[in-house]
Amino acid sequence: MTTTKKLVGTVTPQQRDEIKTLYERKNGLTELFKIVDVNNTSLYNKLVNDMGETATKFQKWWDDQSKTNQWEGKKEHHWEINFETCEIFLVNDGLKK
Amino acid sequence: MIETKEVIIEKTNTWEEGKAKNITFIVTEDCQLQCKYCYLVGKNNLHKMDFETAKKSIDYLLLDRNYFSETSVILDFIGGEPFIEIDLIDKICDYFKIRAYETDHPCFNSYRFSFSTNGLLYNDPKVQQFIIKNETHLSIQITIDGTKEKHNLQRVYPGGKGSYDQVVKNVPLWISQFPNASTKVTIARDDLPFVKDSVIHLWHLGIKEVNINVVFEDVWEPGDDALFEEQLVLLADEIIENKYYEDFTCSFFSTQIGLPYKENMNWCGAGKMLAIDHEGNFFPCNRFVNYSLQNREQLLIGDNQKGINQNRLRPFLTLDMFTQSSPECVSCEVATGCAWCQGANYDYADSSTIFQRATYLCLMHKARVRANNYFWNKLEKKLQKTLRTLP
Amino acid sequence: MVLKYLLVLLSDSSASFCYYPSPKAEIPKGIAVANSHKKDNAFHISDEKPTDIYYNEKQHLISLDHLKKTVVFALKNNLKVNFLYPHFLLDEAYTKVIEEVEHIKIIPFDAKIFNEDAILILDSNDFPTTLDLVNYTHQNFILKLQKKDLKKLDTMIQILLAKSARINLVLMDLENYEEKDYAIYEKQLGKITRKLIQYQNQNAIPELNFLTDRIDLNQMNNCQAGIQHLTIAPNGKMYLCPAFYHENPSEDLGEIKNEIFIKNARLLELNYAPICRICDAYQCKRCVYLNKKLTLEINTPSSQQCITSHIERDASRRILEKLQKMHPDFNPQITIPQLNYRDPFEIVKGNPQKIATLNHP
């Protein structure tokens, strides 16, 4: 598949920080999930709830921003953000890692 | 990000540069190698951190929000060779993740585990398991010094056998897992004839970013600067001729070096970072630990029981270029990019102070500046573009 | 270095007149006179506690030969000498040599050597009664205030006011000062200020280093050890100050000689002290001994030094305001602006001065 990556918009540094924090938290929770003892019920339950909430907030950010900023979208494509430049790219799923 | 060719790629920023607290765990002072240029003059197999010491240190740091007020953190694991202690490191990282989460510390949303390794254990199953487990939070730098000849001149086992073959076999796996990985090359006196070939060799291995410096120690002799300059000019020619500048970087060449000082900033981050030894003692960086020092006693800034000694941090946090430099250095016309190491300064100073800058690199820096000028002038001419702002 | 005077420790038992503790007469079993250090570091000071200094009774007095050499050196170099006295009277031979040179005697009060030209050292541990002070009217005192006596400072100053031409306060145990101590110190200075203002209506107020020096200063007036003065110890060798001798006698600056070499001497100068060079708490001692002891650098003050000096500076500001209101022509050239910090470290940290504002001397 030919790889394509098209610039479709930018966000403010503040908006970038929001999604960056959510992204990092999502990764942190995922890796924490691998090591938490299921018998530690309070921590385990807190983590499960947190993962759900964080995933929801993460998705909501993309939904809200794409709608507000009218970012171009396509089937079998996804958006990516460059945290350094605040640029949003439309990338075909072949590139998705 | 490269979209078109004839773009000069620049060194990528370090993750959260200037924003993250850097905490170094010296998990062992042992290493499989005895590199000839190594600044760790007191390596040994006695000093190993235990898990309790690491736990206490993490507990203290997560609690002291005055000292650790940053919202990002890099836990740096060094040795000796850190991967010798992979079981311990795995436990430390797990403990950190759990405690950062339990205490709602902001750094849970922004942390990295960072490693500088000799690469010998990179394909070890335990190391690989650790990498998979922490895949989104890792930065791993394998030190490979260049060509086999150059690498084996310095990076040797006890007994003198070179380590190149054992390291280079792990490079493809490393690059596949960390495509933007960089390496750090150190140049000692004997290495000077191999500088150009080594940088290009590393690029050919797939390492796009080569960070390189000459040793800070008092080893340089008359004539070394000329040899160094000659190598850098040859390297510049190769880069320009083969358009390596489109895909690769080498820290020897920068648009920011060789200018008079405009800022009065310290070069080094000692004191802003923290190193922890096997006993839970705190240091401004690992260059202030006994095993790094030849002439002076180690310089502690606290420990995991009593915490940070704020008074001892004050010199580090107020140290500027002017106060530690000679008048010649302050008014030097090609000053920027001239590096120093605070720990080496302390070790070499006439009295016990961090406020005296060692200047052993002066001639080597000036040689680098001349080669750097050659590189940019030639490249600007070729590309018909201004790439630098000269005073 | 522009030497102006020498400090001469006449004996190992000479009372401390500054931040270092006074030597104790006996050597407890198992405690060495000098700290030993792994490596040869200039100005190396241990911060291991306790910091008591012990001296050897048998070898404690400076030799007459060393004393003579010191006096001759002073005479040849236009230097004055401050002699730090022990608790006992000196032989006539010593007195004779001392009297050959322009000097000041610094004598422990409890030595009971009456001399109206001398500076007398008082210790809050053993503060004299009013009766003990009855013969004094215009004396120079050094008051070494132990931290435990901080709350008694105003009472002590009240007693000394009518007896003094000048009082130099030294806050002992400064390294142990915490927030609560700063609050007490601030309150004590407030009380003393009120007394001073009342007192000055009828009397000339004595100089108080911690309150009135700053209202006359428009530049730094620090200790200047290693720049304006050096110390000659009983062993005949030179040191930055008596504290460095007591801490580690093996780290001397050599015999008395014309060419004196101090490693990294520039770090003693204001220009090479990043915190101090932006500061206007001009009355601060900037004690290089305390600096070295607490921050490990002779050019970097501890937070305790900065904060107490700024509490003094602020009290001085209030005094100056009041005096200038009462007497509009009082020191019109001096201003002490109100600050929003009490430790200049907070200003300098991560924000180094611009190169253009700095010059190598």
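Sequence lines set the chain letters: A, B, ... in the order given, protein chains first and strands last, and positions in each chain run from 1. Both backbone and side-chain heavy atoms feed into the values below; hydrogens, waters and symmetry mates do not. Because the structure is predicted, anything quoted here is derived from the model rather than measured.
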Beyond-backbone contact of A:V36 with B:Y101, side-chain heavy atoms, under 4.5 angstrom:
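When only atoms from C-beta onward are counted, B:Y101 and A:V36 do not touch, as no gap falls below 4.5 Å.
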A:T30 and B:T136, any side-chain heavy atoms less than 4.5 Å apart
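No. Closest side-chain heavy atoms not under 4.5 Å.
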First locate atom [atom1] of [X], then atom [atom2] of [Y], and finally report the distance between them rounded to the nearest 0.5 Å.
{"X": "A:K20", "Y": "B:S72", "atom1": "NZ", "atom2": "OG", "value": "6.5 Å"}
{"X": "A:D17", "Y": "B:S110", "atom1": "CG", "atom2": "OG", "value": "10.0 Å"}
{"X": "A:L32", "Y": "B:F96", "atom1": "CG", "atom2": "CZ", "value": "11.0 Å"}

Please name the pair of heavy atoms, one in A:R25 and one in B:N109, separated by the smallest distance, quoted to 0.1 Å.
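Shortest heavy-atom separation between A:R25 and B:N109 comes out as NH1-OD1, 2.8 Å.
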Which heavy atom of A:I35 sits nearest a heavy atom of B:K97, and at what distance?
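So the two residues come closest at CD1-CE, 3.9 Å.
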Counting only heavy atoms not in [X], do more than 12 fall under 6.0 Å of its [atom1]?
{"X": "A:Y23", "atom1": "OH", "answer": "no"}
{"X": "A:E72", "atom1": "CD", "answer": "yes"}
{"X": "A:K74", "atom1": "NZ", "answer": "no"}
{"X": "B:F51", "atom1": "CZ", "answer": "yes"}
{"X": "B:K48", "atom1": "NZ", "answer": "yes"}

Side chain, backbone, both or neither: which part of A:K46 has an atom under 4.5 Å from a heavy atom of chain B?
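Contact with chain B is through both the backbone and side chain of A:K46.
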Where on A:L22 is there a heavy atom nearer than 4.5 Å to chain B: the side chain, the backbone, both, or neither?
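Neither part; nothing is under 4.5 Å.
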Backbone of B:K133 reached by a side-chain donor or acceptor of A:K34 within 3.5 Å:
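Yes; judged by distance alone, with no hydrogens or angles, the pair exists.
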